[in-house]
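I have placed the structure first, in the form of C-alpha cells, so that the comments after it can refer back to it.
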Amino acid sequence: MYETKILLDENEVPKYYLNLCAQLALPPPLHPGTKEPIPAEALEAIFPKSLVAQEISKEEKIPIPQEVRDALILLCRPSPLVRAKRLEAHLKTPAKIYFKNESLNPCGSHKINTALAQAYYNAKAGTEQLVTETGAGQWGTALSCASALFGLKCRAFMVRTSYISKPLRKTIMHSYGAEVFPSPSNETAFGKSLLAKDPNHPGSLGIAISEALEQVAQGKNTKYSLGSVLNHVLLHQSIIGLEAQTQLKKAELVADTVIGCVGGGSNFAGIAFPFVKDVLDGKAHTKFIAAEPTACPSITAGKYEYDFGDTAGTTPLLKMHTLGKDFIPSPIHAGGLRYHGMAPAVSYLVQQGIIEARAYEQERTFEAAMLFAKTEGIVPAPESSHAIAATIEEALACKKSGEEKTILFNLSGHGLLDLNAYESYMNGLK
Ligand SMILES: *Cc1c(COP(=O)(O)O)cnc(C)c1O
C-alpha cells in the first residue's frame, strides 16, 4: 500500500487554512513617509476587507468558504503525493523522495490555489475588475482562469522579457478573457516614463506591480491582486502542506526535510508552514530548505531590512530579505523567481534560523530538471527545478552518510508552457 502515490478523497481537502503568521512576531508594514505602522484600513484601497482581515488575522485556523473549496476540488485538489522512486534509484540514495504534485491543474502551477480564493473574496465584495502583475505568466494564467470562474474582468501586466519569450502565455490568458500588456507599458505613467528612457526595457516584477497599482488607483470597482509575498497569499497556499501532512500520516512517514523553490515565497510557505508549525510547537525537528536562483539571490545575498514591494515605491515598506527595489535580475528562464524581495514571513523564519536558503546556478537547475524528466516522466517548471536541484543535493548527502531520510519537495508547476526555455537550454543558449 502507498508504494508510489498517496491519494486523498475529496472530503480530505482541508476545510481550514493554517495561519502560521498568527504565531509569528512579524515586524509590521510601515508607511514610507512617517515610518509608522500602517493601519489595516489603508490596505482596503487595493484589497477587499475580507483579504485585509486575513492579512493581519491572529486566528490560527481560517475556514475555507464552500465555494472556494468546490472550485479547488473542480480544478486541482486534492493533489497527489508521489514517491520519486526512479529518481532515488538513479541517485542510488537510501533517502525516500516524495513530491507534492501541484502541476496537475489546467493552469499548471500552485498559483491557482490563491487565485481562486482571491477571485472569490473579490467577487463577493463587489469588485468588478482585478489588476495584477505576472512574471513568467503562471500567476496571470491562474488569476485569469479564476476571474473567469467568478465572473470578474482581469488585466495583467506581464514582465516584458517573459512576454516576448513566452508568447503563448498571453494566448491562455486571452482564452480566459483577460487583457495582457507587456510591462513596462504605455498604459501607465510609470511605464511610459521607463519606456522613454529605454524602449526595450526588459521589465521586472517590481515594475509590473507598480503599473498594476497605478491602474487600481484610477479604476472603478477595481482591486489589486498579488500572486505571492503577502500573508494572505501564503495562507491560501497552506492547503498544500496540510494535505501533504495527511498523506504522510497515511503512509506512516515523517518528513525529515521539506524543500521548495522561492520567488516571493508562496509555494515554499504553502508546503512548509504546516510543518514549521510543528517545529515551533516543539513536536518535530524538520529541516527546511528554500531554493533560489543565483541570478536573483534575495535571501542568500540580500539584506533583511524594510524595503518597497514594487519599483516605483508605491507599496508600504515590508521587512524582508531584499536585493533592493531597483534590482533588475538577468533574464533567466525561471521568470517566477525573478523578484527582488521575499515574503516577510519566510524572511522572518530565515532570520530565526528555522529556514535555510540555498542558491543554485541555472545550468545546475536545468540538469536537475532533465534528470527528473527522464526518471519521473514530468518536465518541471524552470522554477520548480530549483527545488529539484536542492532535493538531489540532499539525497546525495544521504548517500554519503547512509541516512534513510524522508525528503519532501513541492513540484510547484510543470514546464510544458516553458518549452522554449528548454529549447534554448538544449541549444546551449543560456
Ligand atoms: C510563481 C511560481 C513560483 C515562484 O513563486 P512563489 O511565490 O515563490 O511560489 C515557483 N514555481 C512556479 C511554478 C511558479 O509559477
Side-chain angles (χ1 to χ4, degrees), residues 76 79 99-115 118 132-145 156 158-159 162 166 169 172-173 205 208-209 225-241 259-273 288-293 295-299 309 320-321 329 332-347 350 355 357 359-360 365 369 372 378-390 409-418 421:
C76 56
S79 75
F99 64 93
K100 186 77 170 138
N101 192 347
E102 292 296 309
S103 77
L104 298 172
N105 67 77
C107 302
S109 84
H110 69 286
K111 296 218 172 68
I112 194 71
N113 296 326
T114 184
Q118 292 192 43
T132 195
E133 73 297 325
T134 186
Q138 285 104 322
W139 169 239
T141 304
L143 194 68
S144 304
C145 173
M158 182 167 181
V159 177
S162 298
K166 302 173 196 270
R169 276 290 176 182
I172 308 182
M173 291 185 247
L205 270 173
I209 294 173
S225 185
L226 188 64
S228 185
V229 182
L230 297 178
N231 298 342
H232 68 272
V233 181
L234 275 48
L235 175 80
H236 301 152
Q237 296 295 355
S238 65
I239 52 181
I240 302 173
I259 298 172
C261 65
V262 282
S266 75
N267 89 85
F268 170 79
I271 193 152
F273 279 12
F288 301 97
I289 303 171
E292 61 182 13
C296 193
S298 315
I299 305 180
M320 60 182 176
H321 284 91
I332 53 164
H333 295 301
L337 305 185
R338 297 173 70 242
Y339 180 60
H340 68 274
M342 183 54 55
V346 171
S347 295
V350 169
I355 293 167
Y360 295 89
T365 65
F372 193 70
I378 300 172
V379 176
E383 291 85 3
S384 317
S385 307
H386 292 69
I388 299 173
F409 80 88
N410 197 27
L411 184 72
S412 52
H414 67 63
L416 297 182
L417 291 161
D418 278 317

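For ligands, and for the atoms within them, numbers begin at 1 and follow the listed sequence. Keep in mind it's a predicted model, so treat the numbers as computed, not measured.
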For [atom], what is the nearest protein heavy atom, given as residue, atom name and distance?
{"atom": "atom 8 (O) of ligand 1", "result": "Gly263 N, 2.7 Å"}
{"atom": "atom 13 (C) of ligand 1", "result": "Ser412 OG, 3.4 Å"}
{"atom": "atom 15 (O) of ligand 1", "result": "Lys111 NZ, 2.6 Å"}
{"atom": "atom 7 (O) of ligand 1", "result": "Ser228 OG, 2.5 Å"}
{"atom": "atom 4 (C) of ligand 1", "result": "Gly336 O, 3.3 Å"}

Ligand-residue contact atoms, ligand 1 with [X], heavy atoms, under 4.0 Å:
{"X": "Cys261", "result": "10 (C), 11 (N)"}
{"X": "Glu383", "result": "10 (C), 11 (N), 12 (C)"}
{"X": "Gly413", "result": "13 (C)"}

Ser384-ligand 1 polar pair, N/O distance under 3.5 Å: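 In fact, backbone or side chain, Ser384 has no N or O that close.
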
Does any N or O of ligand 1 fall below 3.5 Å from an N or O anywhere on Gly264, backbone included?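 Yes, at least one N or O pair falls under 3.5 Å.
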
Side chain, backbone, both or neither: which part of [X] has a heavy atom under 4.0 Å from ligand 1?
{"X": "Val262", "result": "backbone"}
{"X": "Ser109", "result": "side chain"}
{"X": "Leu337", "result": "side chain"}

Please check if the side chain of Lys100 supplies one atom and the backbone of Ser79 the other of a donor-acceptor pair under 3.5 Å.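 Answer holds: yes.
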
With a 3.5 Å distance limit and no angle check, can you tell me whether Ser298 reaches the backbone of Tyr339 through a side-chain donor-acceptor pair?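 Answer holds: yes.
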
Pairing donors with acceptors under 3.5 angstrom, does anything connect the side chains of [X] and [Y]?
{"X": "Thr114", "Y": "His236", "value": "yes"}
{"X": "His110", "Y": "Ser412", "value": "no"}
{"X": "Asn267", "Y": "Glu383", "value": "no"}

Minimum heavy-atom distance between Val233 and Ser266, given as atom pair plus value: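 So the two residues come closest at CG1-CB, 4.1 Å.
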
Give me the atom names and distance for the closest heavy-atom approach of Gly309 to Ile209.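 Smallest interatomic distance, heavy atoms only, reads O-CD1, 3.7 Å.
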
Walk me through whether Leu226 and Trp139 qualify under side chain to side chain contact (heavy atoms under 4.5 Å, CB included). CA-CA 9 Å; Leu226 188 64; Trp139 169 239; 5.8 Å; no

With side chain to side chain contact (heavy atoms under 4.5 Å, CB included) as the criterion, how do Ile378 and Phe372 come out once you've worked through the C-alpha distance, each side chain's angles and the decisive distance to 0.1 Å? CA-CA 7 Å; Ile378 300 172; Phe372 193 70; 4.0 Å; yes

His110 to ligand 1, any heavy atom closer than 4.0 Å: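 For ligand 1, residue contact (heavy atoms, under 4.0 Å) with His110 is present.
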
